[in-house]
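Every chain is numbered from 1, with letters handed out A, B, ... down the list of sequences.
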Amino acid sequence: MTTAQLNPSDMRQGAIRRRAFKTRGSTVLGFIFLAIMLFPIYWMVNASLQPSGNTLSADFFPWNPSFAGYEKAIADQGKNLLTSLIIAMGTVVVTLLIAAPAAYALAQFKFRWISWALLAILIAQMIPGVVIANALYAAYNNLGLLNSIPGLILADASHAIPFAILIMRASMMSIPASIIEAARVDGAGQLRAFISIALPIAKNALITAGLFAFLFAWSDFLFALTLTTTDEIRPVTLGIYQYLGTQVSNWSAVMATAVLSSLPAIVLLVVAQKYIAAGATGGAVK
Amino acid sequence: MTSLSTDAPVTRASKKIDTPTLRPRQSFWARENIAKIMFVVPAGLYMALFFGYPVIKNLVMSLQDYTTKTFFTGEAPWVGLQNYATVISSNLFAPALLNTALFTIISIVGQFAIGLALACFFNRNFPLSRFLRAMLLLPWLLPLIVASATWRSILDQDSGILNQFLGTFGIPAIPWLTSPDVALIAVILVNIWVGIPFNVTLLYGGLQDIPSELYEAGQLDGATGWKAFRHITWPNLRPVVSVVLILGVVYTIKVLDIILGLTNGGPANATQTIAVRSYQESFVNFEFGVGAAFSNILIVISLVFAVIYLRANRRAVDE
């Protein structure tokens, strides 16, 4: 306030010019940091387009791009990519069907044990995957769920359900009870009120939960590794792992598969940035 | 809302007073409560089967001689604490425990330091900072096995770009993933890279919650730059910091994908951790009892940090 009195226009002008210079510098610096952080991803794309399968001769830029790596990747891993896609979409459906009603109930009904349920969900998120895999292998073996898509979908949902419940509950907490009550007075049952009122209001959280369920299942490696024993059902993460064991001489095919497996994350980050950012902050803390 | 959630005993009590008229109402409340319960039944069942059952099954398995034979004969003889004795007396146990501690602590220190620096940087809110910050999430969203594959090509001793780059400064080629002396360092470096986005995101959120008036007031007292960070940023960020660090421990301690993809626990067991041991005992050696014992040790460590987390988080919410 006092400074404004001293020298109104001059000082402000100078400050603005200095700030503009500083912020432009920050943007340049920001691009440099990002370039360093994302260099491995650039290198993955670059290596996937190199003609010889060997990174030894890799240039910094694929001047003569070759798609031989992609041809081999699709020939070898095309089916695995499809398997991953089916499993990921199935996981989204299972996660939302199970988590959305629970999130609604935990947000809107006044059960006495809610804080215990929330505690259980938080702790469940911390249970190491190898513990679940250990027990599921034996159970799946008895139930005939090893090497099956439903088996992997159910297991992969464990990556997503606790997270999905928490993030959808957070958004359903903000639905005013009066809106739901009004619908109930008009004769809507609990299910109706949930489907036609709560779900549309919580649409954004639903999309975030669904996107992350997709990414979690798509990225799953542990259950793919432990709950399959044959080549029949093989998610692409496991395909890459087996490439790493046998094909390390043919880097362009390995990297091409890596690029193809990165596409969902890259596309979603560009197209659905808002939802991804919401999930990144919302899921972890509360 | 409150009238809807009236407890069952109260309705029953009111029913005693004037029975005939309230009969249909009573069944309405009963139906209402069943409808409410039905919302949580699927999730409850799922949580019991896919989280509760595995934890109990692991406890039971760790007390049994549970091997491939069990799948044919259906017999898993009780062996008491023998699996735990096997685990502790195994010559891989101490190195695995030490590696787990080193991997977790160094990963977290690295992720946190770089993450905090970047979060402070992005907190300046310059043009395009939102876009750059969102793009920074990419390493975290990729499948971990993709990160492993990419880094394996980068870290390759003869043809990897990192050694070529270091070579231009006259540094001889380092056998990142093939020498027991440096493999753990390499694995930690990759894990730090993967974890930075998560740290930036949470810490940035914490920084945004610090009211800017505090900085304005601090400026009048001459607190700028490092002083402002020490006296304003850090004390106000502490609740978020403890949550980030503890969650970091819980997530890092169970990392499996990166280690299996980069080194498979090798070379010469240099990157064995408790999680890797648990996986290998169960799914490579088919000693499910021993694997379960290892994973129970992992659970106990995670639980300790989970308790710390819950207390820290409650404090963060309270404050």
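- With chain B as partner, the option from A:Ile127, A:Leu215, A:Thr237, A:Thr226 having the largest number of non-hydrogen pairs under 4.5 angstrom is A:Thr226.
- Between A:Pro162 and B:Phe51, the closest side-chain pair of non-hydrogen atoms falls below 4.5 Å.
- By number of non-hydrogen pairs under 4.5 angstrom with chain B, the leading residue of A:Ser261, A:Ala157, A:Pro264 is A:Ala157.
- Minimum heavy-atom separation, B:Ile299 to A:Pro128: CG1-CD, 4.2 Å.
- Residue B:Asn296 does not touch chain A at all, counting heavy-atom pairs closer than 4.5 Å.
- With a threshold of 4.5 angstrom between heavy atoms, A:Asn134 approaches chain B through its backbone and through its side chain.
- Neither the backbone nor the side chain of A:Leu238 has a heavy atom closer than 4.5 Å to any heavy atom of chain B.
- A:Phe216 does not touch chain B: none of its heavy atoms, backbone or side chain, sits under 4.5 Å away.
- The number of heavy atoms from other shown groups lying within 6.0 Å of CH2 (A:Trp116) does not exceed 12.
- The two atoms that bring A:Pro40 and B:Trp151 nearest to each other are CG-CZ2, 3.5 Å, heavy atoms only.
- Using a 4.5 Å cut-off between heavy atoms, A:Ala117 does not touch chain B at all.
- The side-chain heavy atoms of B:Leu247 and A:Met126, taken from C-beta on, include a pair separated by under 4.5 Å.
- Taking B:Ala35, B:Ser282, B:Pro127 one by one and counting their heavy-atom pairs under 4.5 Å with chain A, the maximum is reached by B:Pro127.
- Residues B:Leu256 and A:Phe221 have side chains not in contact (no heavy-atom distance under 4.5 Å, counting atoms from C-beta outward).
- Here the CZ atom belonging to A:Phe31 is positioned 5.0 Å from the CG atom belonging to B:Leu132, to the nearest 0.5 angstrom.
- Summarising the geometry of A:Ala120 relative to B:Met47, their closest heavy-atom pair is O-CE, 4.4 Å, with the distance given to 0.1 Å.
- Of all heavy-atom pairs between B:Met135 and A:Val270, the closest is CE-CG2, 4.4 Å.
- Ring centers of B:Tyr66 and A:Tyr137: at least 6.0 Å apart, outside the cut-off.
- Each of A:Ile165, A:Leu29, A:Leu191 has some count of heavy-atom pairs under 4.5 Å with chain B, and the biggest count is that of A:Leu29.
- Interface residue B:Leu118: only side-chain heavy atoms are found under 4.5 Å from chain A.
- When side chains are defined from C-beta on, A:Ile240 counts as touching B:Val146, because their heavy atoms get closer than 4.5 Å.
- For A:Leu154, the parts lying near chain B are the backbone and the side chain together; criterion is any non-hydrogen pair under 4.5 Å.
- For the atom pair OH (A:Tyr243) and CD1 (B:Ile145), the distance works out to 14.5 Å, reported to the nearest 0.5 Å.
- How far CD1 of A:Ile132 is from OG of B:Ser295: 10.5 Å, rounded to the nearest 0.5 Å.
- One N or O on the side chain of B:Arg152 and one on the backbone of A:Leu244 form a donor-acceptor pair closer than 3.5 Å.
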Self-check item: side chain to side chain contact (heavy atoms under 4.5 Å, CB included) between A:Val130 and B:Lys254, worked out
Solution: CA-CA 8 Å; A:Val130 67; B:Lys254 61 182 183 183; over 6 Å; no
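- The aromatic rings of B:Phe39 and A:Phe109 stand perpendicular to each other, their planes meeting at an angle above 60°, with 30° marking the opposite boundary.
- Of all the heavy atoms in A:Ala265 and B:Leu141, the pair that sits closest is CB-O, 3.7 Å.
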Practice problem: Please test B:Phe126 against A:Arg24 for side chain to side chain contact (heavy atoms under 4.5 Å, CB included), starting from the C-alpha separation and ending with a verdict. | Solution: CA-CA 7 Å; B:Phe126 45 86; A:Arg24 211 170 303 147; over 6 Å; no
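- Residue A:Ile123 touches chain B through its side chain alone, counting heavy-atom pairs closer than 4.5 Å.
- Side-chain contact between B:Tyr279 and A:Leu225 is present, with at least one heavy-atom pair separated by less than 4.5 Å.
- At most 12 non-hydrogen atoms from other residues, nucleotides or ligands lie less than 6.0 angstrom from CZ of B:Phe165.
- Ranked by heavy-atom pairs under 4.5 Å with chain A, the first of B:Ala134, B:Pro143, B:Ala43, B:Pro139 is B:Pro143.
- In this structure, CD1 in B:Ile114 is found 10.5 Å from CZ in A:Phe33, a value given to the nearest 0.5 Å.
- Contact count versus chain A (heavy atoms, under 4.5 Å) is highest, among B:Ala149, B:Ala306, B:Gly291, for B:Ala149.
- Using a distance-only test at 3.5 Å, with no hydrogens or angles considered, no donor-acceptor pair links the side chain of B:Tyr53 to the main chain of A:Leu136.
- Note that CH2 of B:Trp140 is 8.5 Å distant from CD1 of A:Ile276, once rounded to the nearest 0.5 Å.
- Here B:Asp257 pairs with nothing under the side chain to side chain donor-acceptor pair (under 3.5 Å) rule; sequence neighbours left out.
- Counting heavy-atom pairs under 4.5 Å between each of B:Ser278, B:Ala275, B:Ala147, B:Ser129 and chain A puts B:Ser278 at the top.
- Residues B:Leu142 and A:Ser219 form no side-chain contact, since every pair of their non-hydrogen atoms from C-beta on lies 4.5 Å or further apart.
- Using a 30° and 60° split on the angle between ring planes, A:Tyr140 and B:Phe50 fall in the perpendicular class, above 60°.
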Which pairs would a plain distance check flag for residues 96-106 of chain A, meaning a side-chain donor or acceptor within less than 3.5 Å of a matching protein atom at least two apart in sequence or in another chain?
none

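- Ranked by heavy-atom pairs under 4.5 Å with chain A, the first of B:Phe121, B:Phe131, B:Tyr204 is B:Phe121.
- A:Ile41 is listed as a side-chain neighbour of B:Leu138, based on a closest heavy-atom distance under 4.5 Å.
- To the nearest 0.5 angstrom, A:Gln190 atom CD is 9.5 Å from B:Asn33 atom CG.
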